[in-house]
Number of protein chains: 2
Amino acid sequence: MKKQKKQRLERAGWVVGDTGDFLGLSEQERRFIETKLALAAGVRRRRKLQRVTQAELARRLGSSQSRVAKIEAADATVSLDLILRSLFGLGATSADVARLIRQAERSSAA
Amino acid sequence: MKKQKKQRLERAGWVVGDTGDFLGLSEQERRFIETKLALAAGVRRRRKLQRVTQAELARRLGSSQSRVAKIEAADATVSLDLILRSLFGLGATSADVARLIRQAERSSAA
DNA sequence: TCATGATATGTCAGAACGGACATATCGCGC
DNA sequence: GCGCGATATGTCCGTTCTGACATATCATGA
């Protein structure tokens, strides 16, 4: 159960830096984190473009301003579920989400 | 907080049927569920194509056979996080995931 | 400078999710 | 029919996630 330990590390605050395999981070975990980061960034981008406040988005999601802030900060305690709900809450389509995910890969191909 | 109530309903066992707005399901929630279903289906598809058993995939994820079964059944107690991890655990790339998500929209455009 | 609106950060109790295990059901060759 | 591997289903109980709240920081304008 090495995976378990990694998860713990990840949650403990990632640090991430430049999203590499700075520790023994496996390929699959790297992809997962990158995806999360990309989607979180997408939320902020979309929200600002629409000039919606965090509080307003929170209202739409039945959530709170503080949680939205954490979503955008890609806080380790935020689930993908919530991030995705946020994107859809901002009117994103599946195609939009797909685009964000595909770009996640490219942006870190370094 | 109407959203709250909907979430409850959703979790209580979706039923879903044909993924429509059978109740007041908002557009954003419909998209979210469809995405989840599409990705879950993607896991099964990929796994079978690679002739990997649920038990083996579970091992790779540090999870259990029963949970993998639930993932593929799109059980309400399974998070997107776990589904995505599964896909990546099966070697899917961001592009693969993006493709699955985009298709989710089409397949229910009814 | 001080308001004031928007964000960020920390914490907590309760809800949701997780792996694990038991057990049931299926599919298929014999 | 029996055996057997793969899946499904249901339930624990410890961990994680979440909304809510308090509070702090930031930005901008007066």
Side-chain angles (χ1 to χ4, degrees), chain A residues 1-15 28-29 32-33 36 39-41 43-90, chain B residues 1-15 29 32-33 36 39-41 43-86 88-90:
Chain A
M1 309 265 157
K2 236 186 274 182
K3 299 295 160 58
Q4 300 282 63
K5 203 187 295 178
K6 301 243 190 81
Q7 272 184 237
R8 295 302 140 74
L9 271 179
E10 178 193 323
R11 298 193 181 292
W14 324 13
V15 181
Q28 72 202 56
E29 282 158 346
F32 179 72
I33 294 179
K36 225 165 143 176
L39 292 179
V43 170
R44 166 155 292 170
R45 193 157 184 291
R46 252 190 179 276
R47 183 179 64 76
K48 291 216 159 165
L49 260 135
Q50 300 182 207
R51 304 202 191 290
V52 172
T53 70
Q54 292 184 342
E56 163 59 14
L57 175 53
R59 200 191 52 72
R60 289 190 206 171
L61 299 171
S63 182
S64 60
Q65 179 269 322
S66 63
R67 194 130 291 274
V68 171
K70 280 162 193 172
I71 289 172
E72 298 185 353
D75 185 290
T77 78
V78 173
S79 72
L80 246 182
D81 297 62
L82 192 55
I83 297 177
L84 212 57
R85 279 183 202 278
S86 301
L87 281 170
F88 288 140
L90 285 167
Chain B
M1 309 266 156
K2 238 187 273 181
K3 298 294 160 58
Q4 300 280 64
K5 203 186 294 179
K6 301 242 189 84
Q7 273 184 236
R8 295 302 139 74
L9 271 179
E10 180 191 324
R11 298 195 182 291
W14 318 16
V15 181
E29 282 157 346
F32 179 72
I33 293 180
K36 223 164 147 178
L39 292 179
V43 171
R44 166 154 293 169
R45 191 156 186 292
R46 253 191 178 273
R47 182 180 62 77
K48 292 215 159 168
L49 264 150
Q50 299 181 209
R51 304 204 190 288
V52 172
T53 69
Q54 292 184 342
E56 164 59 14
L57 175 53
R59 200 190 52 71
R60 287 191 207 169
L61 299 171
S63 181
S64 60
Q65 179 270 320
S66 63
R67 196 131 287 276
V68 172
K70 280 162 192 172
I71 290 172
E72 298 185 352
D75 185 290
T77 76
V78 173
S79 72
L80 249 180
D81 296 63
L82 191 54
I83 297 178
L84 248 201
R85 278 183 203 278
S86 301
F88 288 139
L90 284 167

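In what follows, chains carry the letters A, B, and so on, assigned in the order in which the sequence lines appear, proteins first and then strands, with residues in each chain numbered from 1. Quick note: numbers below take in every heavy atom, side chains included, and nothing from hydrogens, waters or symmetry partners.
The distance from atom CG of B/Leu57 to atom C1' of D/dA6 is 14 Å, rounded to the nearest whole Å. Atoms CD (A/Gln54) and C1' (D/dT25) sit 13 Å apart, rounded to a whole Å. Atoms CG (A/Asp75) and P (C/dT9) sit 9 Å apart, rounded to a whole Å. If you measure from atom CD1 of B/Ile83 to atom P of C/dG18, you get 9 Å, rounded to the nearest angstrom.
Residues A/Leu57 and A/Ile71 fail the side-chain proximity criterion, which asks for heavy atoms closer than 4.5 Å.
Side-chain N/O atoms of A/Thr53 include none lying less than 4.0 angstrom from OP1 or OP2 on C/dA6. Contact annotation: A/Thr77 side-chain N/O to D/dC17 OP1/OP2 distance is not under 4.0 Å.
Note that the two end axes of the helix from C/dT1-D/dA30 to C/dC30-D/dG1 enclose an angle of 40°, each drawn from 5 base pairs, rounded to 10 degrees.
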Contact letters for nucleotides 21-27 of chain C, in which S counts primed atoms plus P, OP1 and OP2 and B counts the base, heavy atoms under 4.0 Å: B------
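Taking the side chain of B/Ser79 as heavy atoms from C-beta on, and the options D/dG19, C/dC17, C/dT7, the nearest nucleotide is C/dC17. Considering only the side chain of A/Leu82, D/dT18 comes nearest among C/dT7, C/dG19, D/dT18.
A donor-acceptor pair is defined here as one N or O able to donate and one able to accept, closer than 3.5 Å; such a pair exists between the side chain of B/Lys36 and the backbone of B/Val78.
A/Arg44 pairs by the salt bridge (Lys or Arg N to Asp or Glu O under 4.0 Å) definition with A/Glu72, not counting sequence neighbours. Residues that satisfy the side chain to side chain donor-acceptor pair (under 3.5 Å) test with B/Gln50, not counting sequence neighbours, are B/Arg46. The side-chain contact (heavy atoms from CB on, under 4.5 Å) test applied to A/Ala69 returns A/Gln54, A/Gln65, not counting sequence neighbours. Not counting sequence neighbours, A/Ser79 has no partner by the side chain to side chain donor-acceptor pair (under 3.5 Å) test.
Sorted by residue number, the list of members of residues 43-52 of chain A with any non-hydrogen atom under 4.0 Å from DNA chain D is empty.
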